[in-house]
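Below: the structure, in structure tokens.
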Amino acid sequence: MSSVLADLLRGEDVVHIARSLIGVELISWAGGVETAVRITETEAYRAPEDRASHAFGNRRTGRTEVMFGPPGHAYVYLCYGIHEMFNVVTGPEGQAHAVLIRAGAPSRGLETILQRRNMERPGPKLSSGPGVLTRALGIDRRHNGVDLCRTAGPLRLDMTGPPIAAADIVATPRIGIHFAGEPWISQPWRFHLRDSPYVSGPRQALKKR
DNA sequence: TGTCGGATCGTG
DNA sequence: ACGATCCGACAC
């Protein structure tokens with residue numbers, strides 16, 4: 001069974017895939033409720049040479065195992081003891097490449113998303129980031145390894161929506177990887193939708209007017 | 001068995 | 001700027 005999505009995740013370079021996943025819908029049935037976001041922010045992690053990747057040097061452990069498996073599956077891990085982080089494993093199989101999904105704009109199940117984010121208060125405080133995203137969609141380590149191309153699965157990627165213009169995607173260095181050193185700190189492997197309020201961290205052009 | 005530090009987040 | 005909070009990785 002072939003699809004545009006599966007072909008993309010299998011055949012393209014992980015940095016290209018990270019850019020291409022902007023605008024793709026991530027749909028979750030975690031907890032029996034449908035929630036979804038349109039992805040607004042991603043980061044590419046390119047093992048084995050990328051020091052910021054958990055699979056740096058092709059280190060193969062229990063945690064990183066799914067990254068060495070077939071593309072199109074979820075890599076979910078716990079960060080700082082608190083936050084679940086959701087990644088899309090990309091191909092080719094055996095190359096432990098992955099794309100971290102950092103943020104998205106709610107597209108389905110908004111009420112549930114707001115509840116899960118504890119945003120029922122009327123105040124502003126529109127927080128975002130990879131940990132908040134997984135909490136909003138009910139994603140945790142139980143989803144590690146699930147096939148994201150299966151239409152019946154608990155997590156699913158859907159790229160049938162309207163495409164994003166290349167000019168609306170901004171590339172910047174990745175966030176929170178100071179430990180990796182150069183040149184990895186400076187690689188422009190983070191991508192986000194220009195001007196979207198659903199983006200964490202610094203924008204490239206901090207409005208100069 | 002023990003230590004160490006992290007692909008974060010929200011408050012101060 | 002900082003503390004919460006816990007697991008994976010590695011040293012011993």
Side-chain angles (χ1 to χ4, degrees), chain A residues 13-15 17-19 21-22 26 37 39-69 71 73-90 95-106 113-145 148 155 170-193 196-204:
Chain A
D13 181 83
V14 65
V15 177
I17 295 172
R19 191 189 294 110
L21 286 178
I22 300 294
L26 170 60
V37 299
I39 296 169
T40 56
E41 182 179 354
T42 62
E43 283 178 359
Y45 286 84
R46 199 164 197 266
E49 69 271 21
D50 178 4
R51 259 201 130 77
S53 169
H54 289 165
F56 170 68
N58 278 335
R59 214 178 47 226
R60 198 165 177 152
T61 69
R63 181 173 65 155
T64 63
E65 189 59 32
V66 297
M67 282 204 278
F68 293 88
H73 290 241
Y75 168 47
V76 185
Y77 70 94
L78 186 67
C79 187
Y80 290 99
I82 300 176
H83 305 289
E84 309 280 340
M85 307 287 261
F86 172 76
N87 296 252
V88 179
V89 173
T90 76
Q95 297 271 80
H97 297 167
V99 175
L100 171 67
I101 308 301
R102 295 188 54 92
I113 287 175
L114 294 181
Q115 263 177 337
R116 287 175 174 162
R117 288 167 103 187
N118 293 326
M119 292 289 294
E120 56 279 326
R121 297 189 300 274
K125 237 20 165 190
L126 188 64
S127 58
S128 59
V132 172
L133 175 80
T134 53
R135 200 167 77 229
L137 296 181
I139 298 172
D140 60 36
R141 281 159 290 169
R142 290 174 301 192
H143 297 105
N144 191 42
L148 302 168
L155 295 178
V170 180
T172 77
R174 294 171 292 177
I175 293 177
I177 57 155
H178 178 76
F179 64 91
E182 294 291 358
W184 312 111
I185 293 176
S186 301
Q187 297 287 10
W189 289 355
R190 169 176 175 252
F191 300 95
H192 71 79
L193 196 55
S196 169
Y198 301 99
V199 166
S200 69
R203 316 294 168 95
Q204 182 181 47

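Below, chain A is the first sequence line, B the second, and so on; all start at residue 1.
- Exactly one residue among Arg190(A), His192(A), Glu41(A), Glu43(A) makes a side-chain hydrogen bond (donor to acceptor under 3.5 Å, both in side chains) with Thr172(A). That residue is Arg190(A).
- The separation of dG5(B) from dC2(C), taken at their C1' atoms, amounts to 16 Å, rounded to a whole angstrom.
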**Complete:** Given protein heavy atoms under 4.0 Å, the one-letter contact record of nucleotides 2-7 of chain B, with B base, S sugar-phosphate only and - none, is simply ----BB
**Asked** In dot-bracket, 5' to 3', how would DNA chain B read with Watson-Crick or G-U wobble pairs under 3.5 Å, [ ] for crossing ones and | for pairs to another strand?
**Response** ||||||.||||.
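- The structure places CD of Glu49(A) at 5.0 Å from CH2 of Trp184(A), a figure rounded to the nearest 0.5 Å.
- When the nearest nucleotides of DNA chain C are assigned to His83(A) and Arg141(A) by heavy-atom distance, the more 5′-ward of the two goes with His83(A).
- From Leu100(A), atom CG reaches atom NE2 of His54(A) across 9.5 Å, with rounding to the nearest 0.5 Å.
- When atom types are taken as modelled, the side chain of Thr134(A) and the backbone of Phe86(A) share no donor-acceptor pair closer than 3.5 angstrom.
- A salt bridge links Asp50(A) with Arg174(A): the closest approach of a Lys/Arg side-chain nitrogen to an acidic carboxylate oxygen falls below 4.0 angstrom.
- Taking the nucleotide of DNA chain C with the nearest heavy atom to each of Thr64(A) and Ile82(A), the more 5' of the two is matched to Ile82(A).
- Rounded to the nearest 0.5 Å, atoms CG (Asn58(A)) and CD (Gln95(A)) are 7.0 Å apart.
- For the pair Asp140(A) and Arg135(A), the salt-bridge criterion is not met [side-chain N within less than 4.0 Å of a carboxylate O].
- Side chains of Trp189(A) and Pro173(A) form no contact here, defined as non-hydrogen atoms less than 4.5 Å apart.
- Under a cut-off of 6.0 angstrom, the local environment of CZ in Arg142(A) is sparse, with at most 12 non-hydrogen atoms contributed by other residues, nucleotides or ligands.
- In 5' to 3' order, the nucleotides of DNA chain C bounding all contacts with chain A (an atom under 4.0 Å from a heavy atom) are dA4(C) to dC10(C).
- Among the atoms of the strands shown, only primed sugar atoms or phosphate atoms (P, OP1, OP2) are found under 4.0 Å from some heavy atom of Arg59(A).
- A cation-pi arrangement, defined by a distance under 6.0 Å to the six-membered ring centre and an angle within 45 degrees of its axis, is absent between Arg46(A) and Phe56(A).
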